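Everything on this sheet refers to the single structure shown next.
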Amino acid sequence: MQQPLAPNVWDVQQTSWSNNDMPPRECAREDSSVSNPRRCSQFTFRHLSQMASCIPSSPLRVVAHIDLDCFYAQVEMVRLGIAEDTPFAVQQWQGLIAVNYPARSYGIGRHCTITEAKKLCPKLITQHVATWREADGKWAYREDPQVATDKVCLDPYRSESRKILVLIKELLPHGLQRVEKASIDEVFLDLSAHVHAILLERFPELLSPQPHRDLSELLPLPPISDLDWQADTLVDAGDSDNKTLAILDPDWDDVAFYVASGIVRHLRSSIKEKLGYTCSAGIARNKLLSKLGSSYKKPNQQTVIRNRAVAHFLSGVKFTKIRNLGGKLGEQVSRAFNTDSIPDLLTVPIEQMKVKLGDETAIWLYNTLRGVDMSEVNPRIQIKSMLSAKSFRPTLTTIDQAVRWLRIFAADIFSRLVEEGVLEHRRHPKTINLHYRPLGGQARSRSCPIPQGRALDDGTLFDLAKTLLTHIVQDGNVWPCAGLSLSVGSFEDSVSAIVCEHNLLKT
Ligand code: DCP
Ligand code: CA
Ligand code: CA
């Protein structure tokens, strides 16, 4: 079925979009001086056309980031039919790994142990994550999970994550979507091409410049004086003149974000309606800003960072919230310049940054502090390796015990290959590796190739792992065993996939 380009985006705004208050349409070329810049858009037909191919440098680019609220907690609450306002957390051994928002209002967070959390909120309900168990080789939600005999199983969250991704892809028009799974509970969407199609559908005057004009011509201003952002959080531009202008006189980047916010609102409400989960979203011109936007207001909210609001928004962001600045690099930067305030760092010249951080990091930091990020939303999942591991306390003493764990590792890796869509993308791992750590002895590894040309399954992975273990055991000095890990790697497009893609290219 052909999807409508923008369900409900326009219906809500009929009156605001009337042409009664059309602005003057005489527009200058981009290279001539414009005496009254507000009479024309600052964007050209070329900028508009760049949206269609999601070109990262396009000034009209629109990227959204969607992040599920307290994800594992929501998965368990939906599965168990727990009411939304019940304080609830997901437990892993004695710690908490996901805490819902009602529980957070009691001061409960991931840093709490289960005992501390129950003290803060005695009516807190907790559910332990499912586990694999050596004895039965299957995962299950258990009454008595034990770190000694069990291994955490994330399959339930992976499978819900996959459903969310599938739903998002179904809801977006097929030829125009660009979706990147960023983690188990996050996606980036480059909505530029989709929004471009909607703009052209709604504003025929954007279709192409008149025959005697060219692509460097400035666009007419949008024929709208007011945009109703509904429940969205609209980040302030921080300057009242600018703000008034944005409301009275939006340009096409504002309109593009407005359209995108309607699309994202529809995705979020569909995820809630069909799967029961709330999520938060950020809409901005790139991945860096949209990700900061999705965490700006939570839960169940969306935040729009218009281009005119970027500088003001970043001046209030905690430096360590920016991707890659939360850890060691962040510490290095604040030590080097004696500050972790973004406004302070904006005064540091690029040359000085290069001296202290090296060229590559300096350029990245300089751009990041200014909200510049040209990285693409990449729909191809490029997993390099996958690992399943367990440390043993008490240690293992027999080959049968070790083999039972290998069966679990093989099943774990296989289910991740399926859930991550790796096999669906016809990318197969080429090698398998078993890492073995005897108690107090020298750790060692054995690898072998995975036979190609036939469908991969958990049985094949298990057989290969068992063979590797046999070789390691033959070398001697293996017991007791303190740790085992199985990994697959060297992912490559399969021959059949390459042939198939090649044929598609030819036709
Ligand atoms: N997770 C984990 N251990 C961590 C961090 C996260 O097991 N140290 C898991 C549990 C989370 C999920 O990953 O539910 C997603 O992580 P987020 O950081 O997105 O946090 P939440 O989704 O739980 O909460 P928020 O609403 O703040 O996004
Ligand atoms: Ca989350
Ligand atoms: Ca997340």
Side-chain angles (χ1 to χ4, degrees), residues 63-80 82 84-114 117 124-132 139 141 145 147 150-165 168 179-189 233 264 267-268 271-272 275-282 287-303 317-318 320-327 387-389 412 416 419-420:
V63 173
H65 180 256
I66 299 181
D67 182 290
L68 274 287
D69 301 319
C70 54
F71 183 48
Y72 291 9
Q74 285 203 84
V75 171
E76 297 301 347
M77 290 170 76
V78 168
R79 182 179 70 85
L80 299 166
I82 290 172
E84 279 181 22
D85 56 355
T86 308
F88 180 89
V90 178
Q91 187 184 343
Q92 179 177 316
W93 318 128
Q94 286 313 300
L96 301 180
I97 54 169
V99 178
N100 79 353
Y101 283 79
R104 289 188 205 189
S105 69
Y106 289 86
I108 299 172
R110 267 192 207 121
H111 53 275
C112 295
T113 63
I114 187 91
L124 176 76
I125 296 180
T126 56
Q127 166 66 51
H128 197 280
V129 292
T131 57
W132 302 92
W139 69 260
Y141 287 96
V147 70
D150 296 4
K151 173 178 164 55
V152 164
C153 171
L154 301 180
D155 278 22
Y157 315 120
R158 291 200 191 106
S159 106
E160 291 308 288
S161 169
R162 184 115 190 102
K163 284 188 203 159
I164 294 164
L165 192 70
I168 290 174
V179 182
E180 174 183 327
K181 180 173 175 179
S183 80
I184 196 161
D185 78 331
E186 290 166 44
V187 289
F188 283 108
L189 313 172
T233 299
V264 171
L267 292 177
R268 289 178 46 239
I271 294 169
K272 175 74 178 118
L275 301 170
Y277 304 126
T278 67
C279 52
S280 298
K287 290 167 84 172
L288 164 74
L289 292 165
S290 62
K291 180 156 167 81
L292 289 169
S294 69
S295 64
Y296 187 67
K297 285 275 165 74
K298 266 181 158 275
N300 200 17
Q301 299 195 54
Q302 61 185 54
T303 298
V317 165
K318 254 177 89 184
T320 47
K321 282 201 86 175
I322 295 180
R323 191 167 42 124
N324 297 330
L325 287 176
L387 175 134
S388 187
D412 182 32
R416 277 156 62 194
E419 296 299 349
E420 296 291 333

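Ligands are counted one by one from 1 in listed order, and the atoms in each one are counted from 1 as well. Fair warning: this is a prediction, and the values are worked out from it, not measured in the lab.
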message = Given 3.5 Å as the limit, does a donor-acceptor pair link the side chain of Asn100 with the main chain of Gln74, or not?
response = no
message = Any nitrogen or oxygen of Arg110 lying under 3.5 Å from a nitrogen or oxygen in ligand 1? Just yes or no.
response = yes
message = Using a 4.0 Å cutoff against the non-hydrogen atoms of Ala98, which atoms of ligand 1 qualify?
response = 14 (O)
message = When you measure from the heavy atoms of Cys70 to every atom of ligand 1, does any distance fall below 4.0 Å?
response = yes
key: Asp69-ligand 1 polar pair, N/O distance under 3.5 Å   = no
query = Taking only heavy atoms of Tyr101, which atoms of ligand 1 are found under 4.0 Å from at least one of them?
reply = 25 (P), 26 (O), 27 (O)
inquiry  = Testing Lys298, Lys297, Arg104 one by one against Asp69 for a salt bridge (charged side-chain N to carboxylate O under 4.0 Å, His left out), which residue passes?
reply    = Lys298
query = What part of Asp67, side chain from CB on, backbone N/CA/C/O, both or neither, has a heavy atom under 4.0 Å from ligand 1?
reply = side chain
request  = Among all protein heavy atoms, pick out the one at the shortest distance from atom 12 (C) of ligand 1; state its residue, atom name and that distance to 0.1 Å.
outcome  = Tyr72 CE1, 3.8 Å
Minimum-distance protein heavy atom relative to atom 1 (N) of ligand 1 = Ile97 O, 4.0 Å
key: Of the listed options Val152, Asn100, Asp185, Thr278, closest to atom 19 (O) of ligand 1 (non-hydrogen atoms)   = Asp185
request  = Spell out, as yes or no, whether a donor-acceptor pair under 3.5 Å connects the side chain of Thr86 to the backbone of Phe88.
outcome  = no
ask   = How about Asp150 and Trp93: do any of their side-chain heavy atoms sit closer than 4.5 Å?
value = yes
query = Heavy atoms, side chains only, cut-off 4.5 Å: are Glu186 and Lys181 in contact?
reply = no
task = Provide the number and element of each atom of ligand 1 under 4.0 Å from a heavy atom of Arg104.
result = 24 (O), 25 (P), 26 (O), 27 (O)
ask   = Among protein atoms, how many N/O/S atoms lie less than 3.0 Å from the Ca ion (ligand 2)?
value = 3
ask   = Polar-atom distance check: Phe71 versus ligand 1, any N or O pair below 3.5 Å?
value = yes
message = When you compare the side chain of Val63 with that of Leu189, does any pair of heavy atoms fall below 4.5 Å?
response = no
query = Do Gln92 and Tyr72 have side-chain atoms, one donor and one acceptor, less than 3.5 Å apart?
reply = no
inquiry  = Against ligand 1, does Tyr157 come closer than 4.0 Å with any heavy atom?
reply    = no
task = Give the contacting part of Lys298 toward ligand 1: side chain, backbone, both or neither, where contact means a heavy-atom distance below 4.0 Å.
result = side chain
request  = Tell me, yes or no, whether the heavy-atom count around Lys272 atom NZ, taken from other residues, nucleotides or ligands under 6.0 Å, exceeds 12.
outcome  = yes
query = What pair of heavy atoms forms the shortest contact from Tyr101 to Cys70, and how long is it?
reply = CD1-SG, 3.9 Å
message = Can you confirm whether Ile164 sits close enough to Phe71 that some side-chain heavy atom of one is under 4.5 Å from a side-chain heavy atom of the other?
response = yes
ask   = Can you find a side-chain donor-acceptor pair between Thr278 and Asn300 that sits under 3.5 Å?
value = no
request  = State, to 0.1 Å, how close Ala89 and Leu96 come at their nearest heavy-atom pair, and which atoms those are.
outcome  = CB-CD2, 4.0 Å
